[in-house]
Amino acid sequence: MTEGTISTAAEGTDTLTRLEQEGEIAADYLEGLLDIADLDGDIDMDVEADRASVSIISDTGSRDLQKLVGRDGEVLEALQELTRLAVHRETGDRSRLMLDIAGYRARKREELSELGAKAAADARSSGEPVKLDPMTPFERKVVHDAVKAAGLRSESEGEEPQRFVVVLPA
């Protein structure tokens, strides 16, 4: 191994360790929140796409966790930001942690991937740009990834909270 290879491997290990630490801090914070709210849920931690990923799941299929998702994921988004702040407070570093509750984000990702693929097909067949409804940053990212996978380009336009994706024809 060359010195550069060792350095790159060490950086990868350092990044993984840092992301695992973010996940542990987030899990502790969320466990405290669940205790305060008197809600049952298990915490699952992972590292996906260079970011810590934490999920709150329920073995009982309880609808109680839906309270933490809220309408259109609004409460989930707020909890994610609070969790990121808790991680920041402990580490001093900005976190890109992703939070999922009761599989909401996983289901949403699947729906948005289908929407992005359909919009790409529409743009390809019509030759015209396809404008989608306003979305959160997470939603736009999933759509951009789906459009890219379909072989087209997309852009975000507008100002928050009315920022939206435009799928461009080839």
Side-chain angles (χ1 to χ4, degrees), residues 12 15-16 18-27 29-30 33 41 43-58 63 65-170:
T15 300
L16 181 61
R18 182 181 52 78
L19 293 174
E20 288 172 343
Q21 178 190 19
E22 282 187 20
E24 289 173 16
I25 293 167
Y29 175 79
L30 292 166
L33 180 77
I43 308 288
D44 184 34
M45 297 180 298
D46 200 0
V47 174
E48 298 173 0
D50 293 333
R51 66 171 57 187
S53 174
V54 179
S55 299
I56 301 175
I57 54 177
S58 174
R63 305 237 350 121
L65 290 182
Q66 292 304 315
K67 297 173 187 174
L68 297 179
V69 173
R71 186 177 52 118
D72 297 327
E74 291 173 342
V75 176
L76 170 59
E77 290 289 334
L79 287 174
Q80 177 174 278
E81 287 307 310
L82 289 171
T83 305
R84 286 177 174 176
L85 286 171
V87 170
H88 183 307
R89 185 184 68 225
E90 292 291 321
T91 65
D93 294 326
R94 182 179 175 274
S95 174
R96 295 177 53 236
L97 176 127
M98 187 65 73
L99 175 63
D100 191 6
I101 299 174
Y104 174 83
R105 220 178 268 281
R107 286 187 304 276
K108 191 74 170 171
R109 179 177 281 126
E110 194 173 305
E111 292 170 13
L112 291 165
S113 291
E114 290 173 11
L115 174 66
K118 182 182 179 317
D122 291 349
R124 183 176 283 119
S125 67
S126 72
E128 297 291 322
V130 175
K131 294 182 181 181
L132 301 176
D133 291 334
M135 299 177 187
T136 67
F138 161 76
E139 293 169 335
R140 290 193 310 271
K141 170 79 169 99
V142 173
V143 171
H144 286 305
D145 289 348
V147 170
K148 183 177 180 180
L152 294 183
R153 283 187 334 103
S154 57
E155 299 174 347
S156 291
E157 294 184 4
E159 298 294 323
E160 294 292 353
Q162 296 300 313
R163 200 155 166 79
F164 59 94
V165 173
V166 178
V167 180
L168 304 170

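The residues of the chain are indexed from 1 along the displayed sequence. Hydrogens, waters and symmetry mates are skipped; everything else that's a heavy atom, side chains included, is used.
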Shortest non-hydrogen contact from [X] to [Y]?
{"X": "Ala52", "Y": "Gly23", "result": "CB-N, 4.1 Å"}
{"X": "Val143", "Y": "Gly116", "result": "CG1-CA, 4.0 Å"}
{"X": "Leu132", "Y": "Ala119", "result": "CD2-CB, 4.0 Å"}
{"X": "Ala102", "Y": "Gln66", "result": "CB-NE2, 3.6 Å"}
{"X": "Ser113", "Y": "Ala146", "result": "O-CB, 3.5 Å"}
{"X": "Ala150", "Y": "Ala120", "result": "CB-CB, 3.7 Å"}

Go through it in stages, so that I can follow the logic: the residues are Arg18 and Glu22, the test is salt bridge (Lys or Arg N to Asp or Glu O under 4.0 Å), and I'd like the CA-CA distance, side-chain angles, deciding distance and then a yes or no. CA-CA 6 Å; Arg18 182 181 52 78; Glu22 282 187 20; 3.1 Å; yes

So, taking the atom named [atom1] in [X] and the one named [atom2] in [Y], what distance separates them when rounded to the nearest 0.5 Å?
{"X": "Glu20", "Y": "Asp46", "atom1": "CD", "atom2": "CG", "answer": "9.5 Å"}
{"X": "Asp133", "Y": "Glu139", "atom1": "CG", "atom2": "CD", "answer": "10.0 Å"}
{"X": "Arg96", "Y": "Gln80", "atom1": "CZ", "atom2": "CD", "answer": "11.0 Å"}
{"X": "Glu128", "Y": "Asp122", "atom1": "CD", "atom2": "CG", "answer": "12.0 Å"}
{"X": "Ile101", "Y": "Leu65", "atom1": "CD1", "atom2": "CG", "answer": "7.0 Å"}
{"X": "Arg163", "Y": "Met135", "atom1": "CZ", "atom2": "CE", "answer": "12.5 Å"}

Whether [X] side chain and [Y] backbone form a donor-acceptor pair below 3.5 Å:
{"X": "Thr91", "Y": "Asp93", "result": "yes"}
{"X": "Asp145", "Y": "Ala149", "result": "no"}
{"X": "Arg84", "Y": "Leu97", "result": "yes"}
{"X": "Arg140", "Y": "Val165", "result": "no"}

Inspect the contact between Glu77 and Arg105 and indicate whether a charged nitrogen and a carboxylate oxygen are less than 4.0 angstrom apart. yes

Note: Glu111-Arg107 ion pair, threshold 4.0 Å (strictly below): no

Side chains of Ser95 and His88, donor plus acceptor under 3.5 Å: no

Evaluation steps, side-chain contact (heavy atoms from CB on, under 4.5 Å), between Val75 and Lys67: CA-CA 8 Å; Val75 176; Lys67 297 173 187 174; over 6 Å; no

Beyond-backbone contact of Ser156 with His144, side-chain heavy atoms, under 4.5 angstrom: yes

Ile56 side chain near Ile43 side chain, heavy-atom distance below 4.5 Å: yes

Answer yes or no: does atom [atom1] of [X] have more than 12 heavy-atom neighbours from other residues, nucleotides or ligands under 6.0 Å?
{"X": "Glu74", "atom1": "CD", "result": "yes"}
{"X": "Arg153", "atom1": "CZ", "result": "no"}
{"X": "Glu159", "atom1": "CD", "result": "no"}

When Thr83, Leu82, Leu79 are each screened for side chain to side chain contact (heavy atoms under 4.5 Å, CB included) with Leu33, the one that passes is Leu79

Run the numbers on Phe138 and Lys108 for side-chain contact (heavy atoms from CB on, under 4.5 Å), then give the verdict. CA-CA 10 Å; Phe138 161 76; Lys108 191 74 170 171; 4.2 Å; yes

Check the pair Arg89, Leu85 against side-chain contact (heavy atoms from CB on, under 4.5 Å), reporting the backbone distance first and the verdict last. CA-CA 6 Å; Arg89 185 184 68 225; Leu85 286 171; over 6 Å; no

